[in-house]
Structure formats: C-alpha cells, structure tokens
Amino acid sequence: MSTTILVVEDEPAIQELISVNLSFAGHKVLRAFDAEQAQTLIRAELPDLILLDWMLPGASGITLAKKLRADERTRQVPIIMLTAKGAEHDKIDGLEAGADDYITKPFSPKELIARIKAVLRRRAPQLTDDIIKIGTLMLDPTTHRISGGDMPLAIGPTEFRLLHFFMTHIERVFSRAQLLDQVWGDHVFVEERTVDVHIRRLRKALEPSHHEDHIETVRGAGYRFAAQIARPG
Ligand code: CA
C-alpha cells in the first residue's frame, strides 16, 4: 500500500538518495529542506510518516518533533530521526522529543526501508502489506482481496480500507470522527453518517461467509471489530 513519507533533510544529495529509494519502494515522497518548509507541507497534507534530520538550518529536527507531538493533528504521525551523531544522550533526546525511532548516518537504503516498515507495523499497521487473518476471515492488502473461510468476498475500495483498519485495530472502539480521520483521511470533509453507510456495506460484504457480526455497533460511542463472534463462518 502506498504511504506518504515526508523527508526533511537539508543536504540535497542525501535527500535525493532517500527520496529515490523510498519512491522505488512504492512510497509517495514529500520533501523539505528545513522545518518551516516541512510545516507548510504538513499543513497541506498529513504524511503517514516523517523522516526528520536532526541538524537542520533554522529550527532543529528535535524542535520540530516536539512541535509535531504537541499538535493534536500531527501527534500520531510516526517520526524517525536521522542523525549523524551516535551519542547515547542524542538518542535519548530524540526519543524524549517523541521520535519513534532513529537512524544514524550513514545508513543503507535497505536499513532505512526496514526501519520504516518496523515503525509502520507498530504505529500504523493498516499501512503495511501484511496479510491479516482473524479466525477464518482473511485480508490481503497486496491483492486487495478478502475471503471468509474459502469463499472470496466482493468488497468496495472504501469498505476494504475500513476493514483493513478494523482488522489491524481489533477490539478497540472508534468514533465516527476517528474512523473518518483514519480511513478517509485528514482534510477530508464528509459527514459522519457517511461512516454508517459504509459500515452497512461492509457488513453486507461479509454476510456471504457469515462474518458480518465481527463489526459491532457500540451505542453512543461508535464501532468495533470483535475478534470473536458467536457464529464463526
Ligand atoms: Ca542536516
């Protein structure tokens, strides 16, 4: 699945090298040379992950990381710090500023891609290509196919994303607003009842193999994917 990664790096050669490798790995890449440019890009489009250089002209990567963590809109975006320093106290500073991981320069493209994957798997599993199986329900992000038992199920693109999000966040209750943010995307202005429409379609898609009861309505709160259902398919 294509994820949007913002690369904040002031050295053009390194920025280019990272960007080329990320594009090659199937990511959409946004680029900034400093914190100010980064914030302008973030205002326009919320990235799925940020690669943030430590030493930047103007505000440092650490300052930007703290700012992003303090802002409701950007709080959840995973951050990987890039640093030329390997000192222990720098690592601690980075993690305390809210970074999820850090990579010491120089690093290989292979290591970078692996670290990104690991952070996404931990922080935003719905953005990875891992096949998910819960009971007899299976979802494959690469082929965009789902099946219940041995039965292939027809599903629309929005319902697929919704199911992918639910299956990577089982048992947790999400409000309509949270689902809109997570599944439809930030800066998308649709009414909350749109969620109900797609929940109905999702249940319908799961009906042929009797998996529709995984999707529970939690009165006054929202929806939840229950791992166990009384009548497995
Ligand atoms: Ca730098």
Side-chain angles (χ1 to χ4, degrees), residues 1-130 141 165 168 181-182 184-188:
M1 193 169 288
S2 173
T3 52
T4 302
I5 298 181
L6 171 61
V7 180
V8 191
E9 167 65 67
D10 60 310
E11 287 161 69
I14 298 178
Q15 193 200 76
E16 177 71 15
L17 181 74
I18 293 173
S19 303
V20 165
N21 278 289
L22 292 181
S23 300
F24 192 69
H27 299 292
K28 179 185 168 188
V29 182
L30 304 172
R31 304 176 184 209
F33 285 101
D34 58 32
E36 201 180 322
Q37 239 179 26
Q39 284 177 289
T40 305
L41 288 172
I42 292 167
R43 269 195 292 276
E45 180 184 359
L46 195 65
D48 297 310
L49 184 141
I50 300 171
L51 285 178
L52 182 55
D53 188 27
W54 186 292
M55 301 290 283
L56 292 168
S60 75
I62 287 290
T63 307
L64 179 59
K66 282 183 184 156
K67 217 177 247 181
L68 295 173
R69 282 293 172 262
D71 184 337
E72 183 68 39
R73 183 169 165 259
T74 53
R75 182 166 295 159
Q76 299 299 327
V77 181
I79 297 173
I80 299 177
M81 299 286 308
L82 306 175
T83 172
K85 309 170 181 183
E88 192 62 22
H89 63 90
D90 288 335
K91 179 183 169 182
I92 292 164
D93 283 353
L95 297 176
E96 272 180 355
D100 295 280
D101 198 2
Y102 86 110
I103 305 180
T104 309
K105 294 179 192 173
F107 49 83
S108 70
K110 212 174 154 182
E111 185 191 0
L112 178 68
I113 300 294
R115 292 289 194 95
I116 288 173
K117 202 161 187 179
V119 167
L120 286 178
R121 199 166 271 153
R122 198 167 73 231
R123 293 287 313 280
Q126 74 278 12
L127 299 175
T128 69
D129 280 340
D130 299 341
F165 180 74
T168 49
D181 270 355
Q182 297 285 343
W184 275 257
D186 164 76
H187 274 16
V188 176

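Index from 1, following the sequence. Every number for a ligand or one of its atoms is a count from 1 in the order of the listing.
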Option among Ile42, Ile5, Thr74 that satisfies the side chain to side chain contact (heavy atoms under 4.5 Å, CB included) test with Pro47: Ile42

Residue that, paired with Leu22, satisfies side chain to side chain contact (heavy atoms under 4.5 Å, CB included) out of Leu51, Thr4, Thr3, Leu49: Leu51

Name of the residue among Ile62, Leu68, Thr63 meeting side chain to side chain contact (heavy atoms under 4.5 Å, CB included) with Lys66: Ile62

Glu9/Arg31 salt bridge by N-O under 4.0 Å criterion: no

The Ca ion (ligand 1): protein N, O or S atoms that are less than 3.0 Å away, sorted by chain: Asp10 OD1, Asp53 OD2, Met55 O

Heavy-atom side-chain contact between Ile79 and Arg69 under 4.5 Å: yes

Smallest separation among heavy atoms of Met81 and Ala65, with atom names: SD-CB, 4.3 Å

